[in-house]
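Input: a single structure, listed below in structure tokens.
Predicted model only: the values in this text are computed from it and were never measured.
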Amino acid sequence: NLIDEIRPAITWDYFSNGDQSEAQLQKWVNEVKDLSKAYFKSRKIAIDVLNGPAVTALNKEGISVVDAKLILEQARVIKSPEEIKCMRSAIDVAEMGIVKMREQLKPGMTENDIWSILHSENIKRGGEWIETRLLSSGTKTNPWFQECGSRIVQNNEIVAFDTDLVGCYSMCTDISRTWWIGDQEPTKEMKQDYQIALEHIQKNAELVAPGVHFKDLTFKGHQLGDVYKKQQYSCRFHGVGLCDEFPLITYPEDYEEGAFDYVLQPGMTLCVEALISRENGEFSIKLEDQLLVTDSGFENLTSYPFDEKFLN
């Protein structure tokens, strides 16, 4: 009862239409014009993703194209109770996969072997896809953002990962953990950096409450020492929902006045990040939790524990 009309979609990409794609594009433009006249009475249209030829063609017809990202990102900021239920389910599924990864992980497996476990557990429980391949081991963890591959995990090494997982109900679970794999102890430096990473996300999470300005999330809380600045993460917090979402809370060095002039509100969901990585170092520590802003503070939606081998 909410649908007034159904129209077949007009496809005008080259893969589908070959050398007739330009003619199909004009059909699509004509349909947009017709819809504008029939429903919107406007010569302006907001679209989130659109390639160049379509923008040019609409402009030639007097239709102005504006970026819909602001509209959509702001609309997604506050999660409804039903969305939060869906997010909890997606996190449960992701953490089931993480448990399986840890249970089966042993020296001699490739990084791809380990990552495939998370994929499998996500898919079999109704999950959808994983955005990245961010699992690495040993010295390959530094610098961060090297994708998993055929490297074989050795005894007494670090394995670190970032789920970036879109699970059941299309909700994202974005949490990170770093594990020690082996029969010896992590080095003193590894333990020190792990404890700094843990303090970073826990102290910064304590900032989260309704009414807190985004600027305070940048400049207050736990700050990293100079030795970690070169390779620190791209943000301290970021929003999360269907995927990574508004806002992006930067470190002080990257702060742009006026870019995120807002305050936290109940129903927002955020990820708090830590990457402790020394320039030219032999390892990195990656930790991340997923939080819900509540009426009185925050709830940590992440329950998977941290690795005690780094904490004793």
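One hydrophobic cluster, built from ILVMFWY side chains closer than 4.5 Å, cannot hold both Trp129 and Ile123; they sit in different ones. Criterion: ILVMFWY side-chain heavy atoms under 4.5 Å apart, direct or through other members. Under it, Ile175 and Val99 are part of a common hydrophobic cluster. Cluster annotation: Phe283 and Phe306 are assigned to the same hydrophobic cluster (Ile/Leu/Val/Met/Phe/Trp/Tyr, side-chain heavy-atom contacts under 4.5 Å, transitive). If you chain together hydrophobic residues whose side chains sit under 4.5 Å apart, Leu224 and Phe310 fall into the same group. Hydrophobic clustering of Ile, Leu, Val, Met, Phe, Trp and Tyr side chains at less than 4.5 Å, counting indirect connections, keeps Met87 apart from Leu291.
Screening residues 44-64 for side-chain hydrogen bond (donor to acceptor under 3.5 Å, both in side chains) gives Lys33-Glu61 as the qualifying pairs, with residues at least two apart or on separate chains. Pairs passing the side-chain hydrogen bond (donor to acceptor under 3.5 Å, both in side chains) check and including a residue from residues 90-108, sequence neighbours excluded, read Glu95-Ser303.
With contacts defined as side-chain heavy-atom distances shorter than 4.5 Å, the pair Val272/Phe237 qualifies. At least one side-chain heavy atom of His238 sits under 4.5 Å from a side-chain heavy atom of Asp174. Contact check for Pro247 versus Val77: no side-chain heavy atoms found under the 4.5 Å cut-off. Counting only heavy atoms from C-beta outward, the side chains of Phe161 and Ile98 approach each other to under 4.5 Å. Asp34 has its side chain within reach of Arg7: a pair of non-hydrogen atoms, C-beta onward, lies under 4.5 Å apart. Between Gln232 and Glu253 there is a side-chain heavy-atom pair separated by less than 4.5 Å. Contact of the Phe260 side chain with the Leu248 side chain is registered, since non-hydrogen atoms from C-beta on lie closer than 4.5 Å. With contacts defined as side-chain heavy-atom distances shorter than 4.5 Å, the pair Leu198/Gln195 does not qualify.
Taking CD of Glu199 as the reference point, atom CG of Leu287 lies at 12.5 Å (rounded to 0.5 Å). The distance from the CD atom of Glu288 to the OG1 atom of Thr178 is 11.0 Å, given to the nearest 0.5 Å. In this structure, Lys215 NZ and Asp261 CG are separated by 8.5 Å, a value rounded to the nearest 0.5 Å. In this structure, Glu273 CD and Arg236 CZ are separated by 11.5 Å, a value rounded to the nearest 0.5 Å. Atom SG of Cys86 is separated from atom CZ of Arg88 by 11.5 Å, given to the nearest 0.5 angstrom. Here CD1 of Ile249 is found 12.5 Å from CG of Asp254. Values are rounded to the nearest 0.5 Å.
Side-chain atoms of Gln290 come within 3.5 Å of backbone N or O of Cys172 as a donor-acceptor pair. The main-chain N or O of Glu22 is never found under 3.5 Å from a side-chain atom of Gln26 such that the two would form a donor-acceptor pair. Of the possible polar contacts, one joining the Asp113 side chain to the Thr110 backbone as a donor-acceptor pair under 3.5 Å is found. The backbone N or O of Val227 sits nowhere less than 3.5 Å from a side-chain atom of Lys230 that would complete a donor-acceptor pair. One N or O on the side chain of Gln146 and one on the backbone of Pro143 form a donor-acceptor pair closer than 3.5 Å. When atom types are taken as modelled, the side chain of Ser284 and the backbone of Thr141 share a donor-acceptor pair closer than 3.5 angstrom. Under the 3.5 Å distance criterion, the side-chain polar atoms of Ser21 are left unmatched by any main-chain donor or acceptor of Tyr14. A donor-acceptor contact shorter than 3.5 Å is absent between the side chain of Lys140 and the backbone of Leu135. In this structure a side-chain-to-backbone donor-acceptor pair under 3.5 Å is missing from Asp244 to Val240.
Environment of NZ in Lys220: sparse, with no more than 12 heavy atoms of neighbouring residues, nucleotides or ligands closer than 6.0 Å. Shown here is Glu299, whose CD atom has more than 12 heavy atoms of other residues, nucleotides or ligands within 6.0 Å. Heavy-atom contacts from other residues, nucleotides or ligands closer than 6.0 Å to CG of Asn312 number more than 12.
Between Val49 and Lys69, the shortest heavy-atom contact is CG2-CE, 4.5 Å. Shown here for Leu105 and Val159, the closest heavy-atom pair between the two residues is CD1-CG1, 4.1 Å. Between Leu242 and Val166, the shortest heavy-atom contact is O-CG2, 3.9 Å. Shown here for Leu25 and Trp12, the closest heavy-atom pair between the two residues is N-CB, 3.4 Å. A pairwise comparison of heavy atoms in Asn142 and Asn280 identifies OD1-N, 4.5 Å as the closest pair. Closest non-hydrogen pair, Glu185 versus Lys191, comes out as OE1-NZ, 2.9 Å.
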- [ ] Walk me through it: do Leu217 and Leu264 pass the test side chain to side chain contact (heavy atoms under 4.5 Å, CB included)?
- [x] CA-CA 10 Å; Leu217 299 179; Leu264 293 176; 4.1 Å; yes

TODO: Start with the C-alpha distance between Asn156 and Trp180, add both sets of side-chain angles, then the distance that settles side chain to side chain contact (heavy atoms under 4.5 Å, CB included), and finish with yes or no.
DONE: CA-CA 7 Å; Asn156 297 312; Trp180 176 252; 3.6 Å; yes

TODO: Take Met101 and Trp115 through the side chain to side chain contact (heavy atoms under 4.5 Å, CB included) test and state the conclusion after the steps.
DONE: CA-CA 8 Å; Met101 287 168 65; Trp115 199 234; 4.3 Å; yes

Open item on the list: Quick one, Ile63 with Val29, criterion side chain to side chain contact (heavy atoms under 4.5 Å, CB included). Give me CA distance, side-chain angles, the key distance, then yes/no.
Closed with: CA-CA 10 Å; Ile63 297 175; Val29 169; 5.6 Å; no

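Ring-centre distance between His200 and Tyr251: below the 6.0 Å cut-off. A centroid separation of 6.0 Å or more is found between the aromatic rings of Tyr255 and Phe214.
In this structure, Phe246 and Tyr262 have perpendicular ring planes: the angle between them is above 60°, well past the 30° mark.
Judged by distance alone, the side chains of Tyr39 and Glu5 do bring a donor and an acceptor atom under 3.5 Å apart. A donor-acceptor pair shorter than 3.5 Å cannot be found between the side chains of His222 and Glu206. There is a side-chain donor-acceptor pair under 3.5 Å between Glu128 and Ser170. A donor atom on one side chain and an acceptor atom on the other are found under 3.5 Å apart for Ser137 and Glu111.
For the side-chain hydrogen bond (donor to acceptor under 3.5 Å, both in side chains) test with Arg177, the passing option among Asp162, Thr163, Asp289 is Asp289; the others fail.
Residues passing the salt bridge (Lys or Arg N to Asp or Glu O under 4.0 Å) test with Lys27, sequence neighbours excluded: none.
Cation-pi geometry between Lys286 and Tyr233 is met: under 6.0 angstrom from the ring centre, within 45 degrees of the axis.
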